Amino acid sequence: MLERKIAKHLEQWKGKKRKKALLVAGARQTGKTYSIRQFGKENYEVFIEINFKEDKSAADIFANVSVAYALIANLTAYTGTSLKSGKTLIFLDEIQECPQARAAVRLLVKDGRYDCIEAGVVDDVLEYEEKYFMRAMDVEEFMYANGIKSTAIDYVRDCFEQRWAVSGSAHEMLKRIFGYYVVVGGMPEAVQVFIDTHDMGKVTQVHKRILQLQRQDIEKMRNVSKTEKTKMNKILDFVPTELNKTNKRFLLADIRKSARMERYENSLNRLSDIGLTMPCYYVSEPKPPLGESEKRNLFKLYLADSGLLCAMSPENMQFGIMQSKFEAGMESILENTFAGILTANGFAIRYYNEKNKGELDFLIQKGEEVIPIEIRSEDNYKSHQTLDYVLGNKDWGMEYGIVFCDRNVEKEGNVYYMPWYMVMFMRNG
């Protein structure tokens with residue numbers, strides 16, 4: 001059984017006296033259904049699950065109802081299940097397939113006797129909903145799933161916080177598991193197949209099927225024109241190619257010479273909102289607040305899961321990555337992994353580029369503190385001209401920078417060198 005951090009959030013939501021419906025949104029195959037179903041069965045006397053993709057006729061339950069008692073009568077008649085006040089969870093899965101059901105949830109919330117959770121690929125939130133965005137499994141969840149004990153994670157967390165070197169055996173073990181995470185990613189089905197078989201061929205087959213399902217979700221999006229759906233698919237097609245460029249910047253002109261931001265902005269935003277991509281915007285001045293100098297027309301675009309990016313990339317790169325050998329074209333997979341981890345941990349990711357010096361991979365802001373980050377896979381990890389440049393500018397006031405690499409913890413001047421896996425402990429809030 002794969003343990004997920006959403007369980008804690010579900011418990012907190014259940015404990016609220018007067019609650020909204022919980023909308024669990026996110027891309028397909030991130031584990032929404034499994035987590036909610038497990039929670040419902042373990043925490044409620046009555047658990048009703050309706051999947052609108054699998055049961056098309058269930059939409060009739062919610063048709064032409066304007067009062068709660070009519071909806072409850074329809075629901076109990078259709079399911080043959082009696083409801084218990086304060087002890088019932090109604091789970092409406094694939095809610096994007098049935099707009100009238102989502103609208104009718106308002107009646108259940110107003111009635112207040114029964115808890116309701118919705119799940120699906122949704123990019124908005126209504127006034128009677130509380131939204132929780134669920135992503136793929138993070139590094140820590142992946143570590144636990146692969147047999148790493150909580151005591152080991154706690155020990156490494158202490159090393160991160162105190163800036164201590166990790167013991168040699170633990171360092172090698174976690175570096176190896178992190179390499180698996182880069183190529184497997186966090187999609188629960190892919191993770192489970194990897195744990196059960198360690199067959200990367202089978203894992204890649206899962207990845208490719210998930211990619212197909214995600215494209216199908218785009219085609220089924222409501223109130224989205226065919227032209228915009230085409231743009232969304234084109235953008236996804238170009239993510240691996242653009243990340244493999246020297247500067248990794250996403251150029252719309254590479255899709256089509258006449259492409260402009262104003263024509264593609266909605267498509268880019270939708271892909272991010274439904275959890276398929278992560279934009280990383282350029283900042284002209286790396287000082288707080290970073291948002292003030294953010295340039296929305298200059299960006300890098302990452303795929304939400306590194307395992308899926310591997311599946312879209314050239315064959316046989318997984319072996320090299322698992323051996324911590326990042327040859328040409330593989331560095332982008334590693335950088336994509338960090339983008340996903342930092343985003344999942346609550347950070348808005350941005351980057352900086354200085355002419356004649358190069359690019360700084362990421363800038364994150366925690367409170368009033370801005371932290372510059374470099375991701376390195378090569379032996380010359382201590383060569384970082386752009387990082388030195390931004391740290392040396394007193395007007396920007398950055399106290400230290402971090403270089404994540406395959407080596408153990410050390411410090412030189414105002415630069416910390418940390419192993420890749422320690423990024424899981426960088427959290428915003």
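None of the values given here were measured: they were computed from a predicted structure.
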**Student:** Name the one of R102, K53, K220 that satisfies salt bridge (Lys or Arg N to Asp or Glu O under 4.0 Å) with E97?
**Tutor:** K53
**Student:** How about E368: does its CD atom have over 12 heavy atoms from other parts shown lying under 6.0 Å from it?
**Tutor:** no
**Student:** Between E265 and R296, does any side-chain N to carboxylate O distance fall below 4.0 Å?
**Tutor:** no
**Student:** Would you compute the distance between atom CG of L342 and atom CD1 of I375 and round it to the nearest 0.5 angstrom?
**Tutor:** 7.0 Å
**Student:** Does S306 form a side-chain hydrogen bond (donor to acceptor under 3.5 Å, both in side chains) with N336? I'd like the steps, not just the answer.
**Tutor:** CA-CA 6 Å; S306 60; N336 195 106; 5.6 Å; no
**Student:** Quick one: does E359's side chain get under 4.5 Å of T386's, heavy atoms only?
**Tutor:** no
**Student:** Taking it one step at a time, do K245 and E242 satisfy salt bridge (charged side-chain N to carboxylate O under 4.0 Å, His left out)?
**Tutor:** CA-CA 5 Å; K245 296 190 309 186; E242 299 297 282; 3.1 Å; yes
**Student:** Per the side chain to side chain contact (heavy atoms under 4.5 Å, CB included) rule, which among L92, I95, D124 passes with L23?
**Tutor:** I95
**Student:** Would you please indicate if the ring centroids of W13 and F39 are separated by under 6.0 Å?
**Tutor:** no
**Student:** Taking atom NZ as the centre, does K234 end up with more than 12 heavy-atom neighbours from other residues, nucleotides or ligands that are less than 6.0 angstrom away?
**Tutor:** no
**Student:** What's the separation between atom CG in L10 and atom CG in N43, rounded to the nearest 0.5 Å?
**Tutor:** 8.5 Å
**Student:** Aromatic ring centroids of Y180 and F194 under 6.0 Å?
**Tutor:** yes
**Student:** Are any of the side-chain nitrogens in R157 or D154 under 4.0 Å away from the carboxylate oxygens of its partner?
**Tutor:** yes
**Student:** Salt-bridged, K300 to E335, with N to O below 4.0 Å?
**Tutor:** yes
**Student:** Within 45° of the axis and under 6.0 Å from the centre of the six-membered ring of F160, does NZ or CZ of R163 qualify?
**Tutor:** yes
**Student:** With the side chain counted from C-beta on, respond yes when D217 and L276 share a heavy-atom pair under 4.5 Å apart, and no when they do not.
**Tutor:** no
**Student:** One thing to verify: whether R350 and E294 come together as a salt bridge, which I'm taking to mean a side-chain N less than 4.0 angstrom from a carboxylate O.
**Tutor:** yes
**Student:** Could you tell me whether K87 and E45 make a salt bridge, using a distance below 4.0 angstrom between a side-chain N and a carboxylate O?
**Tutor:** yes
**Student:** Take Y144 and E140 through the side-chain hydrogen bond (donor to acceptor under 3.5 Å, both in side chains) test and state the conclusion after the steps.
**Tutor:** CA-CA 6 Å; Y144 290 135; E140 192 172 352; 3.2 Å; yes
**Student:** Taking the side chain as every heavy atom from C-beta outward, state whether K19 and D115 have any atom pair closer than 4.5 Å.
**Tutor:** yes
**Student:** Determine whether Q365 and V370 make a side-chain contact, defined as any pair of heavy atoms from C-beta on separated by less than 4.5 Å.
**Tutor:** yes
**Student:** Identify whether NZ of Lys or CZ of Arg in K41 sits under 6.0 Å from the centre of the six-membered ring of F47 and within 45° of that ring's axis.
**Tutor:** no
**Student:** Output yes when E94 and R28 qualify as a salt bridge under the 4.0 Å nitrogen-oxygen rule, no when they do not.
**Tutor:** yes
**Student:** First locate atom CD of E118, then atom CZ of F52, and finally report the distance between them rounded to the nearest 0.5 Å.
**Tutor:** 9.0 Å
**Student:** Salt-bridged, E141 to R4, with N to O below 4.0 Å?
**Tutor:** yes
**Student:** Verify the ring-centre separation between F250 and F238: is it less than 6.0 angstrom?
**Tutor:** no
**Student:** Output yes when D196 and K202 qualify as a salt bridge under the 4.0 Å nitrogen-oxygen rule, no when they do not.
**Tutor:** no
**Student:** Do V423 and I373 make a side-chain contact, defined as non-hydrogen atoms from C-beta onward lying under 4.5 Å apart?
**Tutor:** no
**Student:** Salt-bridge test for E11 and K14: reply yes if a basic N is under 4.0 Å from a carboxylate O, no otherwise.
**Tutor:** no
**Student:** Looking at R215 and D237, is there a salt bridge between them, counting it only when a charged N and a carboxylate O are closer than 4.0 Å?
**Tutor:** yes
**Student:** Determine, using ring centers only, whether Y351 and Y282 are less than 6.0 Å apart.
**Tutor:** yes
**Student:** Taking the six-membered ring of Y381, is NZ or CZ of R407 closer than 6.0 Å to its centre and within 45° of its axis?
**Tutor:** no
**Student:** Can you tell me how far apart CG (D55) and SG (C98) are? Round to the nearest 0.5 Å.
**Tutor:** 10.0 Å
**Student:** Under the side-chain hydrogen bond (donor to acceptor under 3.5 Å, both in side chains) rule, what do Q212 and Q214 come out as? Steps first, then yes or no, please.
**Tutor:** CA-CA 5 Å; Q212 290 176 343; Q214 290 180 346; over 6 Å; no
**Student:** Does E172 pair with K175 as a salt bridge, N-O distance under 4.0 Å?
**Tutor:** yes
**Student:** Do H384 and V403 have side chains that get closer than 4.5 Å, going by heavy atoms?
**Tutor:** yes
